[in-house]
Amino acid sequence: MGDGPEARGNQWYGPQPDVAGASGYPDAPPRMGFFTDTSVCIGCKACEVACKEWNAVPEDGLELTGMSYDNTQTLGADTWRHVAFIEQSKPFGGQEPGVRHEDTDVFAAAARLGTDASSPGPGATAPPPGQAPEGAPAGQISPLSPDGRTELRWLMSSDVCKHCTHAACLDVCPTGALFRTEFGTVVVQSDICNGCGYCVPACPYGVIDPRKDDGRVWKCTLCYDRLGVGMEPACAKACPTDSIQFGPLDELRERAADRVARLHAAGVADARLYGEDPGDGVGGDGAFFLLLDEPEVYGLPPDPVVTTRDLPDMWRHAALAAVTLVWLTVGGFAGRPRRAR
């Protein structure tokens, strides 16, 4: 952690090396967070279930949405973890930049399953010997086209509150219901929230959300109660593939950079990190992701910016406008000739 004045002072935007220290915790532990590796997410939704069970989050409708296998759609007051299911007509990796497959008929491809060697039927685990895709040993699964199929891939990602370095929701809260913890996370105190809703449009990710029955806002707390006793968050504990990794944020960033390098070496050129950069528009996220496509594909903003970043300039402009208005008003009265009586 930094120890200069730029680290201690609370800033509106830019890198903030000591987030907890800037919030009044002089001897805070390392900043904790999530690294979600979507390349190993299997869409089991164990994280969603564990989050609901531990935090007593109400059920969110359990309705079929018609959006593949996604029955929660987005983060909200009753969905603190959301597993996205995204179907794409492109292979997992090894694809030339710019090549697309919009002309692929997925239903026709499904009808051909099991009729040729490039599209094995149910139960097949690998291309037959002599017919494996380039780069895959005969009789083994190709890392570039699992099961020998290249016509469709699944992207799965467990989304969550980003616990931003510069959290606009916290900045605009008039009651102090939102606060920064000693772990650098952002938590809502539901008993203090008055339902004003200022934080809802302030969030650049659209995460924080009010419940319809009482209007108070809710979101992921990164299991603050578990962190306080040395436990990891429920979602990370329940993840069977370690897609959700919890730990000190600096260590997670190093681990994520190494993972991206290994994926690139394996031919997955689309792998990239999202939200890990302290120089981005929110000062870096406390929960960041490894993605296999553009952020927009996952429903994430491509270039998020803390919505309170320009408040100082806005106040200066408002003050200048007020002074100008007063000057014009005084000048108008002062310049008027007096009427003779």
Side-chain angles (χ1 to χ4, degrees), residues 1-2 6-7 9-25 28-36 74-77 79-82 157-174 176-189 193 197-209 217-224 227 233 235 244-250 252-253 256 273-291 295 298-312:
M1 293 185 180
E6 71 282 356
N10 200 0
Q11 305 173 58
W12 289 101
Y13 62 92
Q16 181 79 67
D18 186 3
V19 175
S23 299
Y25 300 97
R31 185 179 180 185
M32 309 300 283
F34 286 131
F35 163 47
T36 302
T74 186
L75 295 173
T79 306
W80 297 4
R81 268 278 180 188
H82 165 239
S157 172
S158 181
D159 198 9
V160 71
C161 171
K162 313 307 181 290
H163 295 274
C164 309
T165 296
H166 300 292
C169 59
L170 188 156
D171 291 338
V172 302
C173 180
L178 284 117
F179 74 99
R180 179 85 61 182
T181 75
E182 66 271 29
F183 301 104
T185 59
V186 178
V187 174
V188 181
Q189 300 173 97
C193 177
Y198 291 171
C199 55
V200 176
C203 176
Y205 296 102
V207 168
I208 198 162
D209 185 52
V217 297
W218 304 79
K219 72 171 191 68
C220 162
T221 66
L222 218 148
C223 285
Y224 182 42
L227 266 58
C235 57
I244 302 171
Q245 301 178 35
F246 166 77
L249 199 57
D250 290 340
L252 292 179
R253 286 170 175 162
L273 295 179
Y274 176 85
E276 93 296 350
D277 183 8
D280 67 14
V282 296
D285 292 324
F288 65 98
F289 303 81
L290 186 155
L291 305 180
Y298 296 84
L300 297 168
D303 188 19
V305 175
V306 60
T307 49
T308 54
R309 181 187 66 176
D310 298 322
L311 276 179

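Proximity of a side-chain donor or acceptor of T79 to a complementary backbone N or O of R81 within less than 3.5 Å is not detected.
The two residues G283 and T165 have their closest heavy-atom pair at O-OG1, 2.8 Å. Between L222 and G33 the shortest heavy-atom distance is CD1-CA, 4.2 Å. Closest non-hydrogen pair, R253 versus G284, comes out as NH2-CA, 4.4 Å. When every heavy atom of F289 is checked against every heavy atom of S157, the shortest pair comes out as CD2-OG, 4.3 Å. Among all heavy-atom pairs drawn from D209 and A77, the shortest one is OD2-N, 3.0 Å. Pairing each heavy atom of A20 with each of T181, the nearest pair is CB-O, 4.1 Å.
The structure places OH of Y224 at 7.0 Å from OG1 of T185, a figure rounded to the nearest 0.5 Å. For the atom pair F34 CZ and S158 OG, the distance stands at 8.5 Å (nearest 0.5 Å). How far OG1 of T74 is from CG of D159: 7.5 Å, rounded to the nearest 0.5 Å. The distance from the CZ atom of F179 to the OG atom of S23 is 10.5 Å, given to the nearest 0.5 Å. We find the NZ-SG distance between K219 and C169 to be 6.0 Å, quoted to the nearest 0.5 Å.
Within the 4.5 Å cutoff, the side chain of L178 has heavy atoms near those of the I208 side chain. The shortest distance between side-chain heavy atoms of E182 and P29 falls below 4.5 Å. Counting heavy atoms from C-beta on, the side chains of P301 and Y274 come closer than 4.5 Å. Side chains of L249 and P30 form no contact here, defined as non-hydrogen atoms less than 4.5 Å apart. Taking the side chain as every heavy atom from C-beta outward, L300 and L291 approach each other to under 4.5 Å. Considering only heavy atoms from C-beta on, L252 stays 4.5 Å or farther from E276 through its side chain. Annotation: side chain of C164 is not in contact with side chain of V306 (no heavy-atom distance under 4.5 Å). Residues M32 and P248 form a side-chain contact, since some pair of their non-hydrogen atoms from C-beta on lies under 4.5 Å apart.
Considering H163, H166, R31 in turn, R31 is the only one that fulfils the side chain to side chain contact (heavy atoms under 4.5 Å, CB included) rule with V19.
Using cut-offs of 30° and 60° for the angle between ring planes, the W218 and W80 rings count as parallel. The aromatic rings of F288 and F35 lie parallel to each other, their planes meeting at an angle below 30°, with 60° marking the opposite boundary.
Using a 3.5 Å distance cut-off with no hydrogens or angles, the side chains of Y205 and D285 do pair a donor with an acceptor.
Within 6.0 Å of OH on Y198 lie no more than 12 heavy atoms contributed by other residues, nucleotides or ligands.
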